[in-house]
S.K.: 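Just passing along the structure, written as structure tokens.
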Amino acid sequence: MDAKYFPKNIEKKWQDHWHRERLFETRADPALKKFYLLEMFPYPSGRIHMGHVRNYTIGDVVARFLRMQGYNVLHPMGWDAFGMPAENAAIKAKTHPAKWTYDNIDYMRGQLQKLGFSYDWSREFATCDVSYYRWEQLFFLKMYERGLAYKGSAYVNWCGTCQTVLANEQVEGGACWRCDQPVVQKEMEQWFFKITAYVEELLDYTFKLPGWPERVLAMQQNWIGKSLGSEIIFPMESGGAGIKVFTTRADTLFGATFMSLAPEHPLVAEICRTAVQRDAIEAFVERAKQAQRSDRTADLLEKEGVFTGSYCINPMTQEKMPIYVANFVVMEYGTGAVMAVPAHDQRDFEFARKYGLPIKVVIKPEDLTGIPPAESLTEAYEEDGVLVDSGTFSGMTSARAREAITAALAGREQGRQTVQYRLRDWGISRQRYWGAPIPIIYCDQCGTVPVPEADLPVVLPTDVAMLPNGASPLPVCEAFNRTVCPQCAGPARRETDTMDTFVESSWYFARFACADYTAGPLDKERVDYWLPVDQYIGGIEHAVLHLLYSRFFVKVLRDMGYVDMDEPFLNLLTQGMVIKDGAKMSKSKGNVVDPDEMIEAYGADTVRLFCLFASPPERDLDWSEQGVEGSFRFLARVWRMVAENLDHLRAAPAYAGNGDLPADLLELHRKTHQTIKKVTEDIRDRFHFNTAIAAVMELVNQIYQTLENNGKSGESRRVLRKAVETVILCISPMVPHIAEELWRCLGHQESVMKMPWPAWSEQALKTEETLIVVQVNGKLRSRITVPSGATEEALRRAAVDDGKIQDFIGGKKVKKVVVVPNKLVNIVV
RNA sequence: GCCUGGGUGGUGGAAUAGGUAGACACAAGGGACUUAAAAUCCCUUGGAGCUCAGCUCCGUGCGAGUUCGAUUCUCGCCCCAGGCACCA
């Protein structure tokens, strides 16, 4: 054994050993309690970054810990391998996306292996493998059959830079999530997944996932955006269909004095044909659309509108309401038409004042007598209150009136109660090459025809040349494009859009249960055993995207009979970012720390240890080179602890007695068991590795102290050996290489990973004496030592009799004494 | 505006059920070993004050409250981060 700690001498050795012994490969075994631990798989961008290292280190600790606790642990890894960067890189480097991707995978797999992560590599796959995406095409066909995949025309988000459509979830503040360039609205034919068919269940379960962080659930609820309200039809003055609006404030209907339409509203064109202000309207609509394109960042935009010349009728007051086109009304939400109640909606108020439209007060605060005159208002009163000037509904509270007015309208078929969601269907068409082809054929005779299941997979052709302008080569690839219609055998063309890569990541976790299965997408027996994922770990950035899509997909797979679960991820841990100098690591800031360099300089164990020790997982981690050195120093100290005492430690078995020991050994014995308890609970209940490591550091410090003061009696050797072995076992999930090496140096033949997790003895935790804090009027005044388990009365007496306490009490009268057994006494005078 | 987190020493962080605020580490300062350096080991380290072996007061973003006792619970505010947003 080396006298000093050289990670290079041991890390590769043990990685190879574990791999040879196949220690991390698992099989389904109903006799064993299973645990499916999963970290979000990476996109093979070239090299792993510190965020990955942190994410996967956290997962690895839990996996190794649970194995030692006797669980049958599934801990797989794979590659989210389709996506745009491969195309861009291929164009730049004049290579092929497939080659670029698979090369990256090879390199990154090596990086993960160098970190000693305990993956079952036999289950590895990349989502760009035909053997994976072929099954995704099957799912698409089954969804098509059920009407869950459909083609529709809609205004979609178009990223000019990426030359593709984006889902709503993939637009962040008006910009593309990938390239951060502005997104424009474009009307296009698109394939959609009908996620809205599951909207209620998706929302429901956000209240039934206790193992998820509150904020992720809140973000999903927010995204789904359910709001209860009423649909109201306003008849046109000139007769005809009438205008349908959605409102959450049916109670304000008597105050609706005009109507606002979105510029894209179909009725606008209709009114336009007949109205006198046709030109003005057309110009306005064009301008409004332009404005939305260039700058959607809301409140900068001045509220503007133009009168259409037409009127509709308020179904309650029967009064004429002028119809305006307004730039702040969006087509995407509700019906694209809004009843304007200027007295009780701030936007309508500003609009009414600007264009001199009538303002009518119909709600007043409950504690107010009399109706505030509309002319005196400085802003809209948006709160609930009591109805006034509202016919038979006057005097009702807002809440009651919403129901009563809606019911009255329903009786006349002019309205009903309804629910609105913000969530839209998931647009999955991507006008990109490097993705899974959508298995659809277009025939002039038969129209849209799904590829028959027997003809799957539709293989993405690899012998294509990338186009220098970045557009997909598929539409110009005749070999792929030209085909025959499966129905009439006539000439036909293939769909050349590919699927959003979030489709792949929506079910990869299920495929890991049976990655070798060829008879279908999922082997039900194994999937039923392993899933759902017991613990999922990844970044918060997928709070809505990947985590919502996966939840939807699992419900679809369930309804198709592929899986038996309602939700894919039982428990979710979202780890914080890795930052340096107060900012996220990025090339532009020049603060990127390369994992390879860190491993080279300090070894994998040190890098892992620092990631765990610097902060608890859910918080951001501030990278500090000095902190890394501190972690290395600790491991070197542990190494020396063994190396310098190897002969003594090897000469005795670990102490297994019940604590009949001299004082300093008893103290070490107790500390040993305290540490086991602390580390076990910190990892198992909270994933707080930082405090677990701190506890082990304390134990190491105490071992050093005991070594200094103690002879080398047989008894002390045994107690020390127990303490040292406890250190090794406790750190083994976090720093597995050094733990394995030290464990073997102590003479063990079997891997430390095969040891059962240590158990603490309650007996060993007990102390003969306990330190009691004594307060006077809630302020700390003295500490006394009493026999453990002393009665309240004894504690009270000991506290009052204490000399220092006597000084504080003086002659004053003791009003009350609060006694907390084994903790504290508080004397109130 | 709404919804989530969060605010503790010079720094990262700890205090898990309302009960010793600052565990563990980093940095800094001092010392030991050494011809010297590195490595290692030991000590000090929230602030202010005092009659300085010790003791007192203050201190967990700010202000109230509940309590014998509040970093922890309640109410009101301030600041920071993230998410959503002319959402009707």
S.K.: Rounded off to whole Å, could you give me the CZ-to-C1' distance for the F610(A) and G13(B) pair?
M.R.: 11 Å
S.K.: Going by purine N1 to pyrimidine N3 plus the second Watson-Crick contact, or the G-U wobble pair, all under 3.5 Å, which nucleotide sits opposite U34(B)?
M.R.: none
S.K.: Given C84(B), A88(B), C3(B), which nucleotide is nearest the side-chain atoms of A218(A)?
M.R.: C3(B)
S.K.: Looking only at side-chain atoms of V828(A), point me to the closest of C86(B), C68(B), G19(B).
M.R.: C68(B)
S.K.: Please report, rounded to the nearest Å, how far the P atom of A23(B) is from the NZ atom of K671(A).
M.R.: 13 Å
S.K.: Of the nucleotides G13(B), G19(B), U56(B), which one has an atom closest to the side chain of N690(A)?
M.R.: G13(B)
S.K.: Donor-acceptor check, side chain of T767(A) to backbone of T770(A), threshold 3.5 angstrom: yes or no?
M.R.: no
S.K.: When you compare G76(B) with C68(B), how far apart are their C1' atoms, in angstrom units rounded to a whole number?
M.R.: 26 Å
S.K.: For the residue pair F258(A) and F351(A), is the inter-centroid distance of their aromatic rings smaller than 6.0 Å?
M.R.: yes
S.K.: With C1' as the reference atom in both, quote the distance from G10(B) to G49(B) in angstrom, rounded to an integer.
M.R.: 22 Å
S.K.: Is Q575(A) reaching over with its side chain to a backbone N or O of R619(A), donor-acceptor style, under 3.5 angstrom?
M.R.: no
S.K.: Calculate the interatomic distance between L217(A) atom CG and C3(B) atom C1'; express it in whole Å.
M.R.: 13 Å
S.K.: Determine the Euclidean distance between corresponding P atoms of U60(B) and U71(B); express it in Å to zero decimal places.
M.R.: 7 Å
S.K.: Have a look at G9(B) and give me syn or anti from its glycosidic angle (syn if within 90° of zero).
M.R.: syn
S.K.: Using both distances under 3.5 Å as the test, list the Watson-Crick or G-U wobble partner of C86(B), or none.
M.R.: none
S.K.: Taking atom C1' in both G19(B) and U34(B), compute the distance separating them and give it to the nearest angstrom.
M.R.: 50 Å
S.K.: Whole angstroms only, please: what is the CG-C1' distance between N701(A) and C24(B)?
M.R.: 9 Å
S.K.: Please name the pair of heavy atoms, one in N591(A) and one in K584(A), separated by the smallest distance, quoted to 0.1 Å.
M.R.: ND2-O, 3.4 Å
S.K.: Taking U40(B) as the reference, what is the distance to G22(B) when you measure between their C1' atoms (whole Å, please)?
M.R.: 27 Å
S.K.: Consider the side chain of L780(A), meaning its heavy atoms from C-beta on, and name the nucleotide among U20(B), C86(B), C68(B) that approaches it most closely.
M.R.: U20(B)
S.K.: May I ask which nucleotide in the shown strands pairs with A21(B), Watson-Crick or G-U wobble, both distances under 3.5 Å?
M.R.: none
S.K.: Nearest of G13(B), G19(B), C87(B) to any side-chain atom of Y333(A)?
M.R.: C87(B)
S.K.: Counting side-chain heavy atoms from CB outward, which of C86(B), G5(B), A14(B) is closest to E214(A)?
M.R.: G5(B)
S.K.: Of all the nucleotides listed (U20(B), A23(B), A25(B)), which has the minimum atom distance to the side chain of M697(A)?
M.R.: A25(B)
S.K.: Please report the distance, rounded to the nearest Å, between CG in N222(A) and P in G82(B).
M.R.: 16 Å
S.K.: Could you tell me which nucleotide pairs with A28(B) by Watson-Crick or G-U wobble geometry, both distances under 3.5 Å, or answer none if nothing does?
M.R.: U44(B)
S.K.: Figure out the CH2/P separation between W223(A) and G83(B), and round it to whole Å.
M.R.: 11 Å
S.K.: In whole Å, what separates the P atom of G65(B) from that of C52(B)?
M.R.: 38 Å
S.K.: Tell me the interatomic distance from D2(A), atom CG, to A39(B), atom P, rounded to whole angstroms.
M.R.: 19 Å
S.K.: Is there, by distance only and without an angle test, a donor paired with an acceptor across the side chain of K303(A) and the base of C86(B) below 3.5 Å?
M.R.: yes
S.K.: Applying the Watson-Crick and G-U wobble criteria at under 3.5 Å, what pairs with A14(B)? Answer none if nothing qualifies.
M.R.: none
S.K.: Please state the P separation for the pair G63(B) and G13(B) - nearest whole angstrom.
M.R.: 25 Å
S.K.: Give none if G54(B) has no partner; otherwise give the nucleotide forming a Watson-Crick or G-U wobble pair with it, both distances under 3.5 Å.
M.R.: C50(B)
S.K.: Under 4.0 Å: is that the gap between some side-chain N or O of R637(A) and OP1 or OP2 of A25(B)?
M.R.: no
S.K.: Within the structure, does a side-chain N or O atom of K779(A) lie under 4.0 Å from either OP1 or OP2 of C58(B)?
M.R.: yes
S.K.: Taking only N and O in the side chain of R619(A), is any of them less than 4.0 Å away from OP1 or OP2 of A81(B)?
M.R.: no
S.K.: Pairing check on G59(B): which nucleotide meets the Watson-Crick or G-U wobble criteria with it, both distances under 3.5 Å?
M.R.: none
S.K.: Between A88(B), G19(B), G13(B), which nucleotide has the shortest distance from any of its atoms to the side chain of S615(A)?
M.R.: G13(B)
S.K.: Taking the same atom, C1', in A28(B) and in G82(B), what whole-Å distance lies between them?
M.R.: 35 Å
S.K.: Roughly, in whole Å, what's the span from CE in M577(A) to P in G5(B)?
M.R.: 18 Å
S.K.: Which one is paired to U74(B), where only Watson-Crick or G-U wobble pairs with both distances under 3.5 angstrom count?
M.R.: A64(B)
S.K.: Would you indicate which nucleotide in G19(B), U4(B), A88(B) comes nearest to any side-chain atom of V330(A)?
M.R.: A88(B)
S.K.: Just to confirm, is there a sub-4.0 Å distance from OP1 or OP2 of C68(B) to any side-chain nitrogen or oxygen of K816(A)?
M.R.: yes
S.K.: Hey, does the side chain of D345(A) reach the backbone of D348(A) with a donor-acceptor pair shorter than 3.5 angstrom?
M.R.: yes
S.K.: I would like to know whether R781(A) and V774(A) meet side-chain contact (heavy atoms from CB on, under 4.5 Å); could you show each step before the answer?
M.R.: CA-CA 6 Å; R781(A) 293 304 182 195; V774(A) 185; 5.7 Å; no
S.K.: Students often mix this up, so state it plainly: with edges at 30° and 60°, are the rings of H344(A) and Y381(A) parallel, tilted or perpendicular?
M.R.: perpendicular
S.K.: Look at the side-chain N and O atoms of R640(A) and state whether any lies under 4.0 Å from the OP1 or OP2 oxygen of A39(B).
M.R.: no
S.K.: Side chains of I243(A) and L261(A): does their closest heavy-atom pair fall under 4.5 Å?
M.R.: yes
